[in-house]
Amino acid sequence: QVQLTESGGGLVQAGGSLRLSCAASGRIFRRGAKGWFRQAPGKEREFVAAISRSGDSTDYAESVKGRFTISRDNSKNTVYLQMNSLKPEDTAVYYCATTNSPYGSRWPGGYDSWGQGTQVTVSS
């Protein structure tokens, strides 16, 4: 099973930027699509972004489109989430996930492995 480790979270003021990283173990990382999800206190886990196995197809939640960018570097077994123009409503624990499917899903159940999460807090 793939092990995923997120990093890059923290406290930032509204309008600021953060880049999250998700490092994975093993060559199995290259097999499938990757996704980022987030979960705020008292809310369900929600889809943020996904990137295909090849990296040539991406998908974003409407709430982050134009502000967030997902990318991957298979040579480093890492997937990134660049977050710009952050808003207080972006505050949540952010999780990366992987699947063997070539394309990502907006459904959490479509992923096989998850990281432990990294906290992102945006102050107003």
Side-chain angles (χ1 to χ4, degrees):
Q1 189 172 359
V2 177
Q3 288 188 320
L4 304 174
T5 304
E6 301 96 335
S7 61
L11 174 65
V12 64
Q13 288 188 334
S17 299
L18 285 173
R19 187 175 83 154
L20 305 184
S21 299
C22 175
S25 61
R27 55 189 171 88
I28 194 173
F29 175 85
R30 300 182 179 86
R31 289 187 186 175
K34 305 292 178 278
W36 284 97
F37 289 74
R38 66 188 182 186
Q39 189 166 17
K43 295 187 177 181
E44 294 186 350
R45 191 166 298 189
E46 65 172 358
F47 170 77
V48 176
I51 187 167
S52 64
R53 176 167 55 195
S54 65
D56 61 359
S57 177
T58 56
D59 185 26
Y60 296 92
E62 284 300 316
S63 59
V64 306
K65 197 171 291 186
R67 300 188 297 122
F68 290 11
T69 303
I70 188 172
S71 61
R72 64 189 293 166
D73 186 340
N74 288 343
S75 68
K76 296 182 179 180
N77 282 0
T78 301
V79 61
Y80 304 97
L81 185 67
Q82 177 67 44
M83 305 187 295
N84 299 327
S85 302
L86 282 161
K87 305 175 181 179
E89 51 263 43
D90 293 319
T91 296
V93 177
Y94 283 70
Y95 299 90
C96 67
T98 185
T99 173
N100 286 330
S101 300
Y103 293 97
S105 171
R106 293 188 170 203
W107 177 51
Y111 295 84
D112 308 306
S113 299
W114 292 81
Q116 83 290 346
T118 186
Q119 176 70 47
V120 171
T121 303
V122 184
S123 63
S124 57

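For this chain, numbers begin at 1 and follow the sequence in order.
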Point to revise | Heavy-atom side-chain proximity of Tyr94 to Gln39 below 4.5 angstrom | key: no
Exercise for review: Given side chain to side chain contact (heavy atoms under 4.5 Å, CB included), test Trp36 with Cys22 step by step and report yes or no.
Suggested key: CA-CA 9 Å; Trp36 284 97; Cys22 175; 3.7 Å; yes
**Study point:** Closest approach of Lys34 to Ile70 (non-hydrogen atoms, all atoms of both residues)
**Key:** O-CD1, 4.1 Å
Review point. Do Asp73 and Thr78 meet the criterion of a side-chain donor-acceptor pair at a distance under 3.5 Å?
Key: no
Point to revise | Enclosure of Lys65 NZ (heavy-atom neighbours >12, cutoff 6.0 Å) | key: yes
Review point. Between Phe37 and Trp114, is the gap from one ring center to the other below 6.0 Å?
Key: yes
Point to revise | ILVMFWY network linking Tyr60 to Tyr103, side-chain heavy atoms under 4.5 angstrom | key: no
Exercise for review: Work out which heavy atom in Arg38 is nearest to a heavy atom in Val64; give both atom names and the distance.
Suggested key: NH1-CG1, 4.0 Å
**Study point:** Pairwise distance CZ(Arg67) to OG(Ser17) - rounded to 0.5 angstrom
**Key:** 10.0 Å
Exercise for review: Give a yes or no answer on whether the side chain of Ser85 reaches the backbone of Gly15 with a donor-acceptor pair at less than 3.5 Å.
Suggested key: no
**Study point:** Spatial distance of atom OG (Ser63) from atom CG (Asp90) [nearest 0.5 Å]
**Key:** 7.0 Å
Check your understanding: Any cation-pi pair here, Arg19 with Tyr80, using under 6.0 Å and within 45°?
Key -> yes
Review point. Do Gln3 and Ser113 come close enough that some side-chain heavy atom pair is under 4.5 Å?
Key: no
Review point. Has the side chain of Asn84 got a donor or acceptor atom that lies under 3.5 Å from a matching backbone atom of Phe68?
Key: no
Exercise for review: Run the numbers on Thr118 and Val93 for side chain to side chain contact (heavy atoms under 4.5 Å, CB included), then give the verdict.
Suggested key: CA-CA 5 Å; Thr118 186; Val93 177; 6.0 Å; no
Exercise for review: Taking the side chain as every heavy atom from C-beta outward, state whether Leu81 and Val48 have any pair of such atoms under 4.5 Å apart.
Suggested key: yes
**Study point:** Tyr95 six-ring face occupied by Arg45 cation (under 6.0 Å, within 45°)
**Key:** yes
Review point. Counting N and O atoms only, with roles assigned by atom type, does the side chain of Glu6 sit under 3.5 Å from a partner on the main chain of Cys96, one being a donor and the other an acceptor?
Key: yes
**Study point:** Thr99 side-chain N/O to Gly110 backbone N/O, donor-acceptor pair under 3.5 Å
**Key:** yes
Check your understanding: To the nearest 0.5 Å, how far apart are CZ in Arg72 and CD1 in Ile51?
Key -> 6.0 Å
Point to revise | Side chain Thr121, main chain Leu11, donor-acceptor under 3.5 Å | key: no
